[in-house]
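Here the structure is a predicted model, which means the values were calculated and not measured.
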Protein chains: 2
Amino acid sequence: MEIKLTSTSLFKGLNEDEIDILLSKITFQRKQFLKNTLIVSQGENCDRLMLLIEGSVKGEMMNQAGKSLKIEDMDAPRVLASAFIFGKRTVFPVNITALTDVKFLIIPKPELLRLLRLNDVLLQNFLGMVSSRAQFLSEKLRFHSFKVLRAKVANYLIDESQQQSSFKLKHSQNELAELFGVARPSIGRAFLQLQDDKIIDIRYKQVTIIDKQRLLEACNE
Amino acid sequence: MEIKLTSTSLFKGLNEDEIDILLSKITFQRKQFLKNTLIVSQGENCDRLMLLIEGSVKGEMMNQAGKSLKIEDMDAPRVLASAFIFGKRTVFPVNITALTDVKFLIIPKPELLRLLRLNDVLLQNFLGMVSSRAQFLSEKLRFHSFKVLRAKVANYLIDESQQQSSFKLKHSQNELAELFGVARPSIGRAFLQLQDDKIIDIRYKQVTIIDKQRLLEACNE
DNA sequence: TTTCAAATGTAACAAATGTGACAAGTTTTT
DNA sequence: AAAAACTTGTCACATTTGTTACATTTGAAA
């Protein structure tokens, strides 16, 4: 179902009438893609803002052999590549593929600049989006800085637990393996090791943190 | 020596008179810190723009054990934490310490917003800064995506060669080891392996690319 | 030039992770 | 409820990387 623009990070805080008036002042496109379509290629020029208003997509980084390191799934409502429009090298850093049928609202860069000048709320929203994107990447990078897999997994569990001692994993081991850039059995081994050490109890997706202190320590190994 | 604001990424494209006029319209602080002073603590609220106009600082992230993972040194002119003023988590992610006596120009967030609205060049500069930060992080992430060390090293050599077949390395193996997050002898082994395969010739810092085609292929392993 | 600290080459062994495979469990679909 | 598809547990073995150590070479300082 198509998302109302009022619920997007770019337009939040504005009502539908205000948005309509603003959009009537610029030139933009609505565009649809079928499931599994390649929407944007890594390296393609990033000269427009892409607002995902229906469906979900995945962004993945490919090496020259076509092997992919999955970065993230994205659901509507969501703005793609907001951080790459104004940089020096204005190219998309990832391939973007449709996971479902999707609809986009596409605003060319010059029109986006005009739009940001038209309205203060929009400007603050956009600054917030770009900043949050940089923060997200920074966090990903921090994750890669953990040397051993056990520390990555421990950190992941801390994040996912949300202060609860018992919870269900959102991702399969396959997804985690792709996320961490390791082989799937390695994920299983890391879980098993934390269990053998009596730090967590894990049975399929159900996790219980037994010793949070030592789980925190495991992040620093 | 104090840096002219015209040479900062925020004010570039404006002349001194224009900058003076703009700054006269907002409230801001000039602030100095002595060498080795802790300027900002990790977790502190990031509610102002900090423009380093003289000296150099280091940013370091601490883990829960208080062990520091060095992130980067920063020299004037430089804007600190531009991505954290408008993001969701508005706290500094690192400790910032003065490496020399330093001078800052500090602009509170509301004043920064007013400033960005006052001038289109400033707005584009600021958007460019945050975007470039995201690109930098994205590039770092791409580097981590290479699975085997040989591929990282091959990629590094391609980057460093700048299309020359013979060149000198800018970094020591120790630095490369830190950059790639591996042990130092592993770097040596990767170089040696590329040499054994007659893809490069390397003798200390002097590198000659023998077979560029296969070096490119080595990026995909 | 001589001296010395740092960088590099290299080796042996330990540890972590990858690969491929298959059985067993779980969830979704029919 | 039964079947199919997916997920997880687990194994043996290959490969990569880490660790430690020491000799050699280089480049900078005295």
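- A side-chain donor-acceptor contact under 3.5 Å links A:Asn15 to the backbone of A:Asp17.
- Candidate nucleotides C:dG20, C:dT10, D:dT7 were compared by shortest atom distance to the side chain of A:Asn174, and D:dT7 ranks first.
- In this structure a side-chain-to-backbone donor-acceptor pair under 3.5 Å is missing from A:Ser41 to A:Glu44.
- Checking side-chain atoms of B:Asn95 against main-chain N and O of B:Leu38 turns up no donor-acceptor pair under 3.5 Å.
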Exercise answer: donor-acceptor pairs, residues 30-37 of chain A side-chain atoms, under 3.5 Å, sequence neighbours excluded:
residue	atom	partner	partner atom	Å
A:Arg30	NH1	A:Glu2	OE2	3.3
A:Thr37	OG1	A:Leu34	N	3.3
A:Thr37	OG1	A:Leu34	O	2.4

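- Put simply, the side chain of B:Asp211 never gets that close to the backbone of B:Ile199: no donor and acceptor are under 3.5 Å apart.
- Remark: A:Ile200 CD1 to A:Leu194 CG distance equals 4.5 Å, nearest 0.5 Å.
- Every residue two or more places apart in sequence or in another chain that forms a side-chain contact (heavy atoms from CB on, under 4.5 Å) with B:Asp47 is listed here: B:Asn45.
- Counting only residues at least two apart or in different chains, side-chain hydrogen bond (donor to acceptor under 3.5 Å, both in side chains) contacts with residues 186-196 of chain B comprise B:Ser186-B:Arg189, B:Gln195-B:Asp201.
- When the local axes at the two ends of the helix from C:dT1-D:dA30 to C:dT30-D:dA1 are compared, using 5 base pairs at each end, they differ in direction by 50° after rounding to 10°.
- When all heavy atoms are compared, the tightest approach of A:Glu18 to A:Leu14 is OE1-CA, 3.3 Å.
- Contacts between residues 194-204 of chain B and DNA chain C, counted as heavy-atom distances below 4.0 Å, involve B:Tyr204.
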Atom pairs, N/O to N/O, protein against nucleotides 15-18 of chain D, distance under 3.5 Å?
residue	atom	partner	partner atom	Å
D:dT17	OP1	B:Leu149	N	2.7
D:dG18	OP1	B:Ala183	N	3.4
D:dG18	OP2	B:Ala183	N	2.9
D:dG18	OP2	B:Ser186	OG	2.5
D:dG18	N7	B:Arg189	NH2	2.8
D:dG18	O6	B:Arg189	NH1	3.2

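- The heavy-atom pair separating B:Ser161 from B:Ile209 by the smallest distance is CB-CD1, 3.7 Å.
- When rounded to the nearest whole Å, the span between CD1 of A:Ile187 and P of D:dT10 equals 16 Å.
- Atom-to-atom, CG of B:Leu176 to P of C:dA7 comes out at 12 Å; the value is rounded to the nearest Å.
- Regarding contacts with the backbone of C:dT27, every side-chain N or O of A:Lys205 stays at 4.0 angstrom or more from both OP1 and OP2.
- Using a 4.5 Å heavy-atom threshold, the side chains of B:Phe84 and B:Val91 count as separate.
- Atom CG of A:Leu169 is separated from atom C1' of C:dT26 by 14 Å (rounded to the nearest Å).
- Residue B:Phe191 contributes atom CZ, which lies 14 Å from atom P of C:dT10 at whole-angstrom precision.
- Between B:Gln173 and C:dG9 there is a side-chain polar atom (N or O) within less than 4.0 angstrom of OP1 or OP2.
- To the nearest angstrom, P of C:dT8 lies 14 Å from CG of B:Leu192.
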